[in-house]
Amino acid sequence: MRAMNTKLKTFALLLTVMMSAALTGCTTAVNGVNDAAEADDNTASPAEPVSMQQQREADSGKVELTVWGAAEDEELLQQILEEFQETYKDQADFTITFSPQSESECKDALMSDLEGGADVFAFADDQLNTLVAAGALEAIENAEAVRAANLEGAVEAASVGGTLYAWPLTADNGYFLYYNTQYISPEDARTLDGILEAAAANDKKMVMDWSSGWYTYAFFGNTGLTVGLNDDGITNYCTWNGAGSQADGIDVARAMLDIAAHPGFLNGDDGAFLSGVQNGTAVAGISGVWNAVAIQSAWGSHYAAAKLPTYTCDGKQIQMASFSGYKLIGVNAYSPHYAWSCLLAEWISNEANQQRRFEMRGQGPSNINAAGSAAVQNSPAITALIAQSEYSCLQRIGGNYWDPVTEFGLKLAAGNPDGENLQELLDTMVEGVTAP
């Protein structure tokens, strides 16, 4: 229970009682004895729930709020916050402070000091379960309206057990293929073999990050091999060292070694890919919408994007998979101005501001109307992400997934320099991923 929010509810209820007493005047005094008798008999009806509107009306003094968001979103969020304050300036005395906080690390920052954390914060959807379990988020009051306004996948990502706990903000936290049509044709872009051959023929590189399990999942996701979160919400299951319906784990490992050895391939993180795009050494790579503006600026009319390609595994072409993700807006359950924080979360994530987010930051809206706009539909990056969504799944992974998969990916990217047994490498990775 939020101590300060409860006080606001109590204050609002007392205010209602006082107003009622003023209106009924002498009648209340005459009936006082009967009222007391009813109270003694425990027959008084329970107090009506206090609405968010009533809470905001009761909290009409100085309202200080802290908002966390990505550093790159500062200009966007400052505009949004200024307009919120202007719209509601007659209802409270606002001081709203923006503080940069990585969305991917929001959970850790919040859990270190929940009561002292931001009132409103942006975060990646894979942190939702932990935040709900810790009591950092409460169920949204106007859930049906939020569900109706947003894409089904985004609503699912913002829910636990069918209950909505956050406001969907973007539907673009995934990855796909960028390529330069000066060197890579649309036909080349259909297969990883085609991309690598075209890149190598021009003494260029295709870049992918094998230091991150987020991207390495691409090779395993459509093989029939599985990984995911157990019912305890903490530990993982993983069959990547076994047999899949389309390929076995060892087949995937061999395929990755072949890719790593190709002269057209370069293992590199997002920064390395973007640097390669800008200095002309990278002509294709796997990344997300956050790099769309910079890549389009560098490649100009040769800029293109598509779903991930297929890759050769055990003599077959297997479609590369991806983790899909969404960015959400949460409200700290311990916010002393909870009702105002909820209204601000709604404001940040509404249709108009999601459209503005797309225009300023190139981020794909979760709002149905904003996502259906002509500008969004004509974006190569968003179109590619939508095409890839058929081969993606929500990232629901426990913390033990990341380090073992990173170690595995880096060893294969380096060509397995120590000549370790591939099955043993797979077994070691799975053992780490599934550790309690």
Side-chain angles (χ1 to χ4, degrees), residues 125-126 152-153 156-157 171-179 186-196 206-229 236-260 262 265 267 284-289 305-326 381 383-398 401-402 404-406 408-409 412-413 422-423 425-426 429-430 433-434:
D125 70 274
D126 63 304
E152 184 178 352
E156 179 187 353
D172 63 0
N173 199 22
Y175 45 94
F176 48 89
L177 175 72
Y178 286 104
Y179 66 99
E187 183 61 29
D188 292 332
R190 294 170 63 88
T191 68
L192 192 54
D193 291 338
I195 295 168
L196 294 173
M206 180 271 183
V207 183
M208 183 178 179
D209 185 4
W210 288 13
S211 71
S212 170
W214 202 52
Y215 294 102
T216 306
Y217 172 80
F219 294 106
F220 290 91
N222 282 323
T223 60
L225 300 165
T226 60
V227 66
L229 200 61
N236 301 306
Y237 60 85
C238 183
T239 67
W240 286 7
N241 58 339
S245 58
Q246 300 299 313
D248 297 343
I250 198 163
D251 297 325
V252 175
R254 288 170 180 153
M256 291 177 69
L257 276 179
D258 289 342
I259 294 165
H262 199 288
F265 176 77
N267 173 50
I286 294 174
S287 187
V289 297
K307 73 170 181 63
L308 295 180
T310 62
Y311 76 104
T312 301
C313 182
D314 192 28
K316 296 175 289 189
Q317 288 296 306
I318 293 179
Q319 172 62 49
M320 295 178 75
S322 62
F323 278 132
S324 64
Y326 300 82
T383 301
L385 188 66
I386 292 170
Q388 179 60 31
S389 66
E390 182 180 347
Y391 309 104
S392 68
C393 73
L394 275 177
Q395 177 188 308
R396 291 294 181 264
I397 296 292
Y401 168 81
W402 303 103
V405 178
T406 291
F408 173 81
L412 295 192
L422 290 182
Q423 186 61 55
L425 281 178
L426 288 161
M429 173 180 63
V430 169
V433 169
T434 59

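Please read all numbers here as calculations on a predicted model, not as lab measurements. Residue numbers run from 1 in the order of the sequence given.
Scanning both residues, Pro309 and Thr191, for their nearest heavy atoms gives CB-C, 3.6 Å. Looking at every heavy atom in both residues, Ala306 comes nearest to Tyr179 through CB-CE2, 4.0 Å. For Met320 against Gln388, the heavy-atom pair with the smallest separation is O-NE2, 3.2 Å. Considering every non-hydrogen atom in both Phe323 and Gly213, the closest pair reads CE1-O, 4.0 Å. Considering every non-hydrogen atom in both Gly224 and Ser245, the closest pair reads CA-OG, 3.5 Å. Closest of all the heavy-atom pairs between Ala284 and Leu177 is CB-CD1, 4.4 Å.
Contact of the Cys313 side chain with the Thr223 side chain is not registered, since no non-hydrogen atoms from C-beta on lie closer than 4.5 Å. Side-chain contact check for Val227 versus Tyr401: some heavy-atom pair is nearer than 4.5 Å. Contact check for Leu192 versus Ile259: side-chain heavy atoms found under the 4.5 Å cut-off. The shortest distance between side-chain heavy atoms of Asn222 and Gln246 does not fall below 4.5 Å. At a threshold of 4.5 Å between non-hydrogen side-chain atoms, the residues Ile286 and Met206 count as touching. Between Thr312 and Gln317 there is a side-chain heavy-atom pair separated by less than 4.5 Å.
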Determine, step by step, whether Val252 and Ile318 satisfy the side-chain contact (heavy atoms from CB on, under 4.5 Å) criterion, reporting the C-alpha distance in whole Å, the side-chain angles of both residues, the deciding distance to 0.1 Å, and the verdict.
CA-CA 10 Å; Val252 175; Ile318 293 179; over 6 Å; no
Step-by-step side-chain contact (heavy atoms from CB on, under 4.5 Å) determination, Ser322 to Phe176:
CA-CA 8 Å; Ser322 62; Phe176 48 89; over 6 Å; no
Criterion side-chain contact (heavy atoms from CB on, under 4.5 Å) on Thr383 and Ile386, from CA distance to verdict:
CA-CA 5 Å; Thr383 301; Ile386 292 170; 5.7 Å; no
Worked check of side-chain contact (heavy atoms from CB on, under 4.5 Å) between Phe265 and Met208
CA-CA 8 Å; Phe265 176 77; Met208 183 178 179; 3.9 Å; yes
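Ring to ring, Trp214 and Tyr175 are close: their centroids are under 6.0 angstrom apart.
No donor-acceptor distance shorter than 3.5 angstrom exists from the side chain of Thr434 to the backbone of Asn236, with no hydrogens or angles considered. Between the Tyr178 side chain and the Gly288 main chain, a donor and an acceptor come within less than 3.5 Å of each other. With Asn267 contributing its side chain and Trp210 its backbone, the two residues share a donor-acceptor pair below 3.5 Å.
Applying the 6.0 Å contact sphere to CD of Glu156 captures no more than 12 heavy atoms from other residues, nucleotides or ligands. Counting non-hydrogen atoms of other residues, nucleotides and ligands closer than 6.0 Å to CZ of Arg190 gives a total of 12 or fewer.
Here the CZ atom belonging to Phe219 is positioned 9.5 Å from the CG atom belonging to Leu308, to the nearest 0.5 angstrom. Rounding to the nearest 0.5 angstrom, the gap separating the OG1 atom in Thr216 from the CG atom in Leu412 is 9.0 Å. For the atom pair CG (Leu426) and CH2 (Trp240), the distance works out to 10.0 Å, reported to the nearest 0.5 Å. In this structure, CG on Leu196 lies 5.0 Å from NE2 on His262, to the nearest 0.5 angstrom. Summarising the geometry, atom CG belonging to Asp209 is positioned 8.0 Å from atom OG1 belonging to Thr406; distances are rounded to the nearest 0.5 Å. Note that CZ of Arg396 and CG of Asp125 are 4.5 Å apart. Values are rounded to the nearest 0.5 Å.
In this structure, a donor-acceptor pair under 3.5 Å is present between the side chains of Asp126 and Gln395.
With respect to Val433, the side chain to side chain contact (heavy atoms under 4.5 Å, CB included) criterion is satisfied by exactly one of Val405, Ile397, Asn241: Val405.
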